[in-house]
2 protein chains.
Amino acid sequence: MSAVRLLVLGAIVRRGIAHGYRVFQDITSWKAETWTNVKRGSIYHALEKLESGEMIVAEDSGDLTKLGPSRTEYKVTEKGRAEFISLLESALKSNDFQLLSAGIAFMEILPRQRVLELLEERLASLKDVEHFLHTLPTEQIPSEPSKHPELIGVWIGYFEYMIEATQKLMQSIESGNYLFLGEKKEEGEI
Amino acid sequence: MSAVRLLVLGAIVRRGIAHGYRVFQDITSWKAETWTNVKRGSIYHALEKLESGEMIVAEDSGDLTKLGPSRTEYKVTEKGRAEFISLLESALKSNDFQLLSAGIAFMEILPRQRVLELLEERLASLKDVEHFLHTLPTEQIPSEPSKHPELIGVWIGYFEYMIEATQKLMQSIESGNYLFLGEKKEEGEI
DNA sequence: TATTCACTATTCAAATTTGACTAGTTGAGT
DNA sequence: ACTCAACTAGTCAAATTTGAATAGTGAATA
């Protein structure tokens with residue numbers, strides 16, 4: 001599963017209400033050319049699919065006074081919000097980096113403890129893959145691509161980095177950074 | 001561009017001749033569940049596209065004696081080989097990790113010096129992105145996803161790792177590992 | 001020997017992604 | 001006033017990806 005639905009739902013959730021081009025603008029402004037590469041077309045398609053699945057509804061009212069080309073504004077339904085939470089949770093568990101990125105972007109929508117649980121799951125899965133990669137045989141003059149030391153090496157390094165990054169993220173969350181669901185600014189003790 | 005065409009062409013190049021399922025088997029055996037995630041359907045589609053573009057040709061002869069369901073065997077044409085080289089070169093330049101992986105898998109098909117040039121280009125591009133990421137503002141309580149310190153941080157770390165991995169790879173190639181195009185086993189000096 | 005399971009091999013429809021196109025609005029310069 | 005470029009907003013066809021369906025063969029087993 002790609003990150004498009006998660007990003008689109010998240011963009012509308014943040015705004016409360018939004019039309020396609022606004023969602024596109026928001027997402028591309030977040031992306032920084034790197035962690036997202038969502039095209040306009042995919043966004044409009046996702047909006048159609050989400051609408052037909054009753055995750056979002058088109059709002060006719062809104063600023064009819066506004067200028068510019070006509071547009072359709074959408075709001076997220078209850079069902080859509082549930083879907084958003086579900087996508088967000090699997091993004092944080094997934095070991096796909098694009099999904100993790102989107103997950104981090106929206107993680108404060110979940111309770112702190114829940115995020116830590118999900119990242120713990122992710123960590124376990126990353127470690128499994130890393131371990132598996134270490135079991136693969138390599139050959140100095142590789143007889144087939146899967147045995148290329150550089151290929152295996154670069155992937156082991158990647159998973160090592162992902163493990164480290166996940167642990168650092170968890171520590172940062174554990175140490176009280178950011179405001180998660182149900183938390184208030186300026187807390188003293190508790 | 002995805003890695004499918006590169007992988008399919010590469011798989012046929014390695015075999016000299018191959019049918020779709022063989023290509024699928026080879027690719028999935030290389031992948032180790034991690035660096036490729038190519039589905040059967042995509043391979044057959046790629047074969048059709050490559051055939052219609054005259055990158056490969058179907059061979060009717062071959063082992064007619066072989067058992068099992070009927071199949072179509074393909075060979076790579078001159079044009080296809082040129083395309084393969086071109087895809088391989090852009091894969092090694094690209095800062096997409098999937099493409100780099102496929103590029104590494106086949107890199108010995110190019111001359112050593114050429115691979116180093118391509119990786120040098122990749123390195124420059126990675127450094128540009130890393131520098132760009134450092135210019136992005138962050139906020140401790142992020143007002144929008146793009147300003148999330150964890151998000152930016154995790155991506156900076158990722159590019160740092162990619163830069164490091166590319167440099168290590170280049171050093172390994174420079175130090176004489178592997179046999180590239182035009183090189184022979186068991187060389188003494190020169 | 002009939003059944004079931006696993007493997008080989010391909011095809012196809014449906015979902016998704018991409019990139020190009022249309023079209024209205026605003027603002028800057030001439 | 002006129003033109004041109006840039007931005008806003010959306011649509012659409014074509015390309016690609018996905019996952020399920022089909023179908024043949026061999027091997028095991030009850």
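The chains referred to below are lettered A, B, ... by the order of the sequence lines, with proteins before strands, and numbering in each begins at 1. Predicted model, so just to flag it, every value in this text is computed and none were measured.
- The side chain of B/Gln25 has C/dT8 as its nearest neighbour among C/dA9, C/dT8, C/dT10.
- Distance, A/Asn37 CG to C/dT16 C1': 15 Å, rounded to whole Å.
- A sub-4.0 Å separation between OP1 or OP2 of D/dT17 and a side-chain N or O of B/Ser2 is present.
- What separates CD of B/Glu73 from P of C/dT8 is a distance of 15 Å, to the nearest Å.
- Between A/Asp26 atom CG and D/dT8 atom C1' the separation is 14 Å, expressed in whole Å.
- Contact between the side-chain N/O atoms of B/Tyr21 and the OP1/OP2 oxygens of C/dT8 is found at a separation under 4.0 Å.
- For B/Leu7 and D/dT17, the CG to P distance is 11 Å, given to the nearest whole Å.
- Residues from residues 40-51 of chain B with heavy atoms under 4.0 angstrom of DNA chain D, sorted by number: B/Gly41, B/Ser42, B/His45, B/Lys49.
- Taking B/Glu164 as the reference, nothing meets the side-chain contact (heavy atoms from CB on, under 4.5 Å) condition, with sequence neighbours excluded.
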Intermediate values then yes/no, side chain to side chain donor-acceptor pair (under 3.5 Å), B/Ser172 and A/Glu150: CA-CA 9 Å; B/Ser172 169; A/Glu150 302 296 346; 2.6 Å; yes

Distance-only criterion, 3.5 Å: show the donor-acceptor pairs between side-chain atoms of residues 110-129 of chain A and protein atoms not counting sequence neighbours.
residue, atom, partner, partner atom, Å
A/Arg112, NE, A/Glu183, OE2, 2.8
A/Arg112, NH1, A/Ile173, O, 2.7
A/Arg112, NH1, A/Asn177, O, 2.9
A/Arg112, NH2, A/Asn177, O, 3.3
A/Arg112, NH2, A/Tyr178, O, 2.7
A/Arg112, NH2, A/Glu183, OE1, 2.8
A/Arg114, NE, A/Glu89, OE2, 2.8
A/Arg114, NH1, A/Glu117, OE1, 2.7
A/Arg114, NH2, A/Glu89, OE1, 3.1
A/Arg122, NE, A/Thr166, OG1, 3.2
A/Arg122, NH1, A/Ser94, O, 2.6
A/Ser125, OG, A/Asn95, ND2, 3.0

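- Here the P atom of nucleotide C/dC7 and the CZ atom of B/Arg22 are 15 Å apart, to the nearest Å.
- B/Arg71 has a side-chain polar atom (N or O) that falls below the 4.0 Å cut-off from OP1 or OP2 of C/dA9.
- Comparing A/Met1 and A/Lys39 by the nucleotide of DNA chain C whose heavy atom lies nearest to each, the residue mapping closer to the 5' end is A/Met1.
- Note on residues 169-178 of chain B: no pairs pass salt bridge (charged side-chain N to carboxylate O under 4.0 Å, His left out), not counting sequence neighbours.
- Surrounding NE2 of A/His131 are at most 12 heavy atoms belonging to other residues, nucleotides or ligands under 6.0 Å away.
- Considering only the side chain of A/His19, D/dA9 comes nearest among C/dT10, D/dT16, D/dA9.
- Sorted by first and then second residue, the salt bridge (charged side-chain N to carboxylate O under 4.0 Å, His left out) pairs with a member in residues 137-147 of chain B read B/Glu139-B/Lys147, B/Glu144-B/Lys147; sequence neighbours excluded.
- Legend: salt bridge (charged side-chain N to carboxylate O under 4.0 Å, His left out) pairs involving residues 13-25 of chain B, not counting sequence neighbours, sorted by first then second residue: B/Arg15-B/Asp26.
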